[in-house]
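Convention: sequence-line order gives letters A, B, ...; per-chain numbering from 1. Nothing here was measured: the structure is a model prediction, and the numbers come from that model.
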Number of protein chains: 2
Amino acid sequence: MPTKRTTLASIAQALEISVSTVSKALSNSPEIGVETKKRVLEYAKANNYTPNSFASSFRKGTTSTIGLIIPNILNPFYAKVLLGVESYLDDHGYKLITSISNDFIEKETKNLSVMSSGFVDGLIICVSKEAEEKKEYDHIKQLIDNGTPIVLFDRICDELVCDKIITDDYQAAFDATEYLIKERNCKHIVITCKTNTLQHLDLRRQGFEKAIEKYKDEVKCKVIIDDRSKGLKQKLAALLKSDPTIDGVFGLNEKSVLNAIVLTNKLQKKNCNISIAGFCNDLQSKYDSSLIVINQNAKEIGKEAAKLLLQRIKSKDTTAFQTKTIAVDL
Amino acid sequence: MPTKRTTLASIAQALEISVSTVSKALSNSPEIGVETKKRVLEYAKANNYTPNSFASSFRKGTTSTIGLIIPNILNPFYAKVLLGVESYLDDHGYKLITSISNDFIEKETKNLSVMSSGFVDGLIICVSKEAEEKKEYDHIKQLIDNGTPIVLFDRICDELVCDKIITDDYQAAFDATEYLIKERNCKHIVITCKTNTLQHLDLRRQGFEKAIEKYKDEVKCKVIIDDRSKGLKQKLAALLKSDPTIDGVFGLNEKSVLNAIVLTNKLQKKNCNISIAGFCNDLQSKYDSSLIVINQNAKEIGKEAAKLLLQRIKSKDTTAFQTKTIAVDL
DNA sequence: GTGAAAGCGCTAACAG
DNA sequence: CTGTTAGCGCTTTCAC
């Protein structure tokens with residue numbers, strides 16, 4: 001039965017007192033007499049009054065809602081970030097509104113403008129691949145100028161002046177590669193990558209190369225380059241088949257690690273032994289202990305981003321923007 | 001520079017016309033003169049006016065926001081559902097607010113009440129495991145009685161009278177098992193499960209057993225039961241190692257399929273050959289073609305749920321609740 | 001202790 | 001064509 005919602009006004013009318021009295025009674029203000037409070041509370045419960053938080057948000061000018069924009073929810077990294085954000089916000093009485101950009105500027109822009117038009121108190125953003133490649137940040141810059149609190153994570157850029165959360169991609173890649181060399185005794189490692197790539201993937205590659213450089217007397221490396229994902233996979237497959245000296249693969253991202261796993265699994269029937277290291281948040285990685293996974297602590301990233309944002313919102317301070325680096329572990 | 005936001009009132013004042021004229025001009029109402037429209041539009045753009053959609057939502061009494069409640073975002077099934085919901089809503093001018101229950105009634109209830117208190121026009125819910133096990137649906141029932149449009153998916157129950165979206169778990173499990181038997185020539189299939197389980201897992205198991213029953217002359221099956229996930233994995237490992245006649249594994253959910261993959265991968269080095277079938281949405285499944293995955297079309301489920309909900313919202317009709325079944329494919 | 005009244009930013013019915 | 005007015009449901013002075 002879709003009865004009319006109970007409102008402050010309806011309670012006031014029924015109890016023949018004023019709206020403001022009801023409001024104060026419900027928020028347990030000391031101004032109101034005990035007797036009145038009891039009456040109001042009872043009536044409210046009996047008619048299961050639920051305050052219209054939308055109205056109250058409107059009145060107060062803040063919504064207790066945060067917007068999150070991520071490129072892709074099927075990538076477990078972003079899913080974990082979302083989890084971190086959501087749980088932190090939830091613990092602090094905030095709601096989360098999510099938008100998935102699919103790596104397109106257009107959708108990013110569209111949702112950004114809807115959200116920022118009064119719906120959220122602040123935003124947590126991982127910019128779309130398209131925006132990063134074209135270096136088009138105006139749609140975000142505009143919001144910052146406008147005074148909207150924003151925290152950027154994962155893919156960041158210097159043009160945008162705001163709080164940021166990042167992983168030390170360079171160091172992480174270096175460490176994992178070193179592990180591959182020293183602990184797994186790899187002598188010949190392959191890496192796959194595309195030419196025109198994102199900033200953080202570049203950093204990862206540099207970390208990898210730095211490690212190879214450091215141990216250049218003991219280890220060789222091969223770089224497979226192709227701009228189509230399919231091409232990368234095929235070339236890797238061919239190489240693994242033709243060159244039995246390869247004993248290590250380094251994956252720059254989710255996809256390349258998974259590819260490597262599948263390909264080497266097929267080969268292992270023939271008794272070769274290849275170690276894999278790389279950036280991967282897939283569930284799979286938990287189930288396969290032989291893998292060296294770089295744990296980006298995605299949930300932690302989400303949590304810290306949310307924390308930073310709420311701090312910013314509360315301390316109306318517009319200076320001293322922070323960039324926090326979240327540690328990784330292997 | 002956090003300048004004051006431009007509002008209808010500020011435009012009106014600057015241009016020395018009334019607020020309602022501005023409002024109409026901006027919504028391109030035919031009532032307003034071309035000249036005035038131009039002035040308003042120009043001024044608005046110059047001061048980059050963005051309408052406060054929050055206020056307008058409040059005024060209109062609808063928020064164009066939908067709430068989604070899922071147990072776990074790391075499960076790719078739910079992530080895909082979210083994707084489907086989000087993209088459908090986005091195409092129809094709706095926003096999405098997400099809450100993750102972690103399978104606990106408490107959090108589910110809490111978020112339900114926040115959301116439904118004016119923040120959303122409707123809800124899409126997959127009830128928490130705890131709620132399903134304890135058959136506690138009052139927190140949801142209350143909302144339905146209250147008139148909030150709700151669509152349930154995946155885990156549903158008869159007590160709740162509303163629109164629903166489900167997969168034909170029984171049929172899907174039957175088909176996949178049959179495939180294992182007929183196409184992969186499996187003769188000895190293992191299944192792992194817990195005793196006290198969820199409705200849809202039960203249906204899956206029944207589908208599996210029906211198939212075994214049908215082909216009972218050609219195939220044997222073993223059922224491993226343990227109420228701890230770890231126990232299941234260990235027992236499965238032991239069985240696979242000790243009994244080489246086993247040539248098939250059926251996984252009732254994400255986790256059991258992944259377990260099976262890892263365990264059999266280890267064994268395959270020793271040249272045995274085991275086929276795996278089951279319910280799995282993990283990325284992994286895409287990379288391993290030998291797997292028989294039951295594709296639940298999660299994105300489709302999300303899309304249909306959103307569609308059903310928007311229909312319900314628009315057609316204030318409270319009768320004729322639908323239950324839609326989304327087909328699966330192998 | 002309680003209440004009257006203003007107003008958040010916008011929309012819409014109704015006058016002119 | 002343009003303006004006036006009355007709220008949406010709630011919070012918050014300020015007066016009684």
Taking for each residue the nucleotide of DNA chain D bearing the nearest heavy atom, is the 5' side occupied by B:Glu16 or by A:Ser56?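 Going by which nucleotide is closer to the 5' end, it is B:Glu16.
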With DNA chain D as reference, determine whether A:Glu31 or B:Gly33 sits nearer its 5' end, using the nearest nucleotide of each.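 Final value for this comparison: B:Gly33.
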Is any side-chain heavy atom of A:Leu68 closer than 4.5 Å to a side-chain heavy atom of A:Tyr78?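 Not touching, per the 4.5 Å side-chain cut-off.
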Picking from C:dG3, D:dT2, D:dG9, which would you name as closest to the side chain of A:Ser18?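 That would be C:dG3.
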Report the distance from atom [atom1] of [X] to atom [atom2] of [N], rounded to the nearest whole Å.
{"X": "B:Arg59", "N": "D:dG7", "atom1": "CZ", "atom2": "C1'", "value": "6 Å"}
{"X": "B:Gln13", "N": "C:dG9", "atom1": "CD", "atom2": "P", "value": "13 Å"}
{"X": "A:Ile11", "N": "C:dG3", "atom1": "CD1", "atom2": "P", "value": "14 Å"}
{"X": "B:Arg5", "N": "C:dG9", "atom1": "CZ", "atom2": "C1'", "value": "10 Å"}
{"X": "B:Phe58", "N": "D:dC10", "atom1": "CZ", "atom2": "P", "value": "8 Å"}
{"X": "A:Leu26", "N": "D:dT12", "atom1": "CG", "atom2": "P", "value": "14 Å"}
{"X": "A:Phe54", "N": "C:dC10", "atom1": "CZ", "atom2": "C1'", "value": "12 Å"}
{"X": "A:Lys60", "N": "D:dG9", "atom1": "NZ", "atom2": "P", "value": "17 Å"}

As a quick check of understanding, evaluate side chain to side chain contact (heavy atoms under 4.5 Å, CB included) for A:Phe321 and A:Arg312, giving each step before the final call. CA-CA 9 Å; A:Phe321 288 109; A:Arg312 175 72 49 198; 3.5 Å; yes
Do B:Ser20 and D:dG3 have a side chain to base donor-acceptor pair shorter than 3.5 Å?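 For B:Ser20, whose side chain was compared with the base of D:dG3, there is a donor-acceptor pair (under 3.5 Å).
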Base of C:dG3, side chain of A:Lys24 - is there a donor-acceptor contact under 3.5 Å?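 Looking at the base of C:dG3, it does pair with a donor or acceptor on the side chain of A:Lys24 (distance under 3.5 Å).
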Given that B:Pro51 and A:Pro30 both sit by DNA chain C, which one's nearest nucleotide is further toward the 5' end?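 Taking each residue's closest nucleotide, the earlier one in sequence belongs to A:Pro30.
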Under the criterion side chain to side chain contact (heavy atoms under 4.5 Å, CB included), I'd like the reasoning laid out for B:Val40 against B:Ile17: C-alpha separation, chi angles, the key distance, then a yes or no. CA-CA 10 Å; B:Val40 172; B:Ile17 52 179; 3.9 Å; yes
Would you tell me if any nitrogen or oxygen in the side chain of [X] comes within less than 4.0 Å of OP1 or OP2 on [N]?
{"X": "B:Ser23", "N": "C:dT11", "value": "yes"}
{"X": "A:Thr36", "N": "C:dT2", "value": "yes"}
{"X": "A:Tyr49", "N": "D:dG9", "value": "no"}
{"X": "B:Thr21", "N": "D:dT2", "value": "no"}

Under 3.5 Å, is there a donor-acceptor pair linking the side chains of A:Ser117 and B:Ser53?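 Per modelled atom types, A:Ser117 and B:Ser53 side chains form a pair under 3.5 Å.
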Determine the interplanar angle of the A:Phe54 and B:Phe119 rings, folded into 0 to 90°, and report it as parallel if under 30°, tilted if 30 to 60°, perpendicular if over 60°.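 Plane angle over 60°, so perpendicular.
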